[in-house]
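Read the structure below first, then the notes.
Labels below follow one simple rule: chain letters A, B, ... track the order of the sequence lines, proteins then strands, and each chain is numbered from 1.
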Amino acid sequence: MKKTAKVTSSARPARIIARPARTEGGTWLVKQEPAAYSWNDFVQEGGTVWTGVRNFQARKNLADMAVGDEVFFYHSVVGKCIVGLARVRKAAYPDPTANEGNWICVDLEPVREFARPVSLEDIKAQTSLQDFPLVRQSRLSVMPVSPSQFREILKLAEE
DNA sequence: GCCAACGTTGGC
DNA sequence: GCCAACGTTGGC
């Protein structure tokens, strides 16, 4: 699923899928081909509406995001690395680019670019990250990141 | 360029 | 409901 250009949504506040209360902030990873929409595009726009997700598993993950959750930004195909950290600015609402179906989007904003991007190779080389969805389910475009995975990747980004 | 993994579609 | 065919994604 390819994210298209930034869309100014006629935002409706209602979420489609209920989300259980959570005590600590969630952490996630979103994937994007830089040729279609890069980290630099994201930074230049000061954030974006994360539209275009058309996969049920990815949709569930979008629905589970809460405002303030931290999100790794991964460049797929070209780069194949996590290039920076983003944050959920607005929780899930109907995707304005979807003509049919209950597809949703979230608003994301940049937090910081990693001095040292974390490549897929780096991740695969870590025995502690063998269960990371990026390794196990390469096609999933929006995935959860566990607290230990999150810490591990941040550590790699700061080496 | 190839192929594995995964998702969707449609015939039966 | 099963499964073959086909399309897409994304790593290699």
Is the Lys NZ or Arg CZ of A:K60 less than 6.0 Å from the centre of A:F56's six-membered ring, within 45° of the axis? no
Expressed in angstrom and rounded to an integer, what is the separation of A:I123 atom CD1 from C:dG10 atom P? 15 Å
Expressed as a whole number of angstroms, how long is the span from A:R59:CZ to B:dT8:P? 11 Å
Separation of C:dG10 atom C1' from A:E33 atom CD, nearest Å, is 8 Å
The side chain of A:R139 lies closest to which of these nucleotides: C:dG11, B:dT8, C:dG7? C:dG7
Select base, sugar-phosphate, or nothing to describe what A:L140 touches, counting heavy atoms under 4.0 Å on all strands. nothing
Please tell me which of the listed nucleotides, C:dG10, B:dC6, C:dC12, lies nearest to the side chain of A:S76? C:dG10
Rounded to whole Å, CG of A:N55 lies from C1' of C:dT9 at a distance of 11 Å
Mind calculating the distance between CD (A:Q57) and P (B:dC6) to the nearest angstrom? 10 Å
State whether A:Y74 places a side-chain N or O below 4.0 Å from either non-bridging phosphate oxygen (OP1 or OP2) of C:dT9. no
Answer yes or no: are there more than 12 heavy-atom neighbours, outside A:E158 itself, under 6.0 Å from its atom CD? yes
A:S38 versus A:N40, side-chain donor and acceptor atoms under 3.5 Å: no
Separation of A:F132 atom CZ from C:dG10 atom P, in whole Å? 14 Å
Please report, rounded to the nearest Å, how far the P atom of B:dC6 is from the CG atom of A:L134. 14 Å
Quick check on C:dT9: is either OP1 or OP2 less than 4.0 Å from any side-chain nitrogen or oxygen of A:K80? no
Please work out whether the ring planes of A:F150 and A:F72 are parallel, tilted or perpendicular, with thresholds of 30° and 60°. parallel
Quick one: A:H75 NE2 to C:dT9 C1', roughly how many Å, whole number? 17 Å
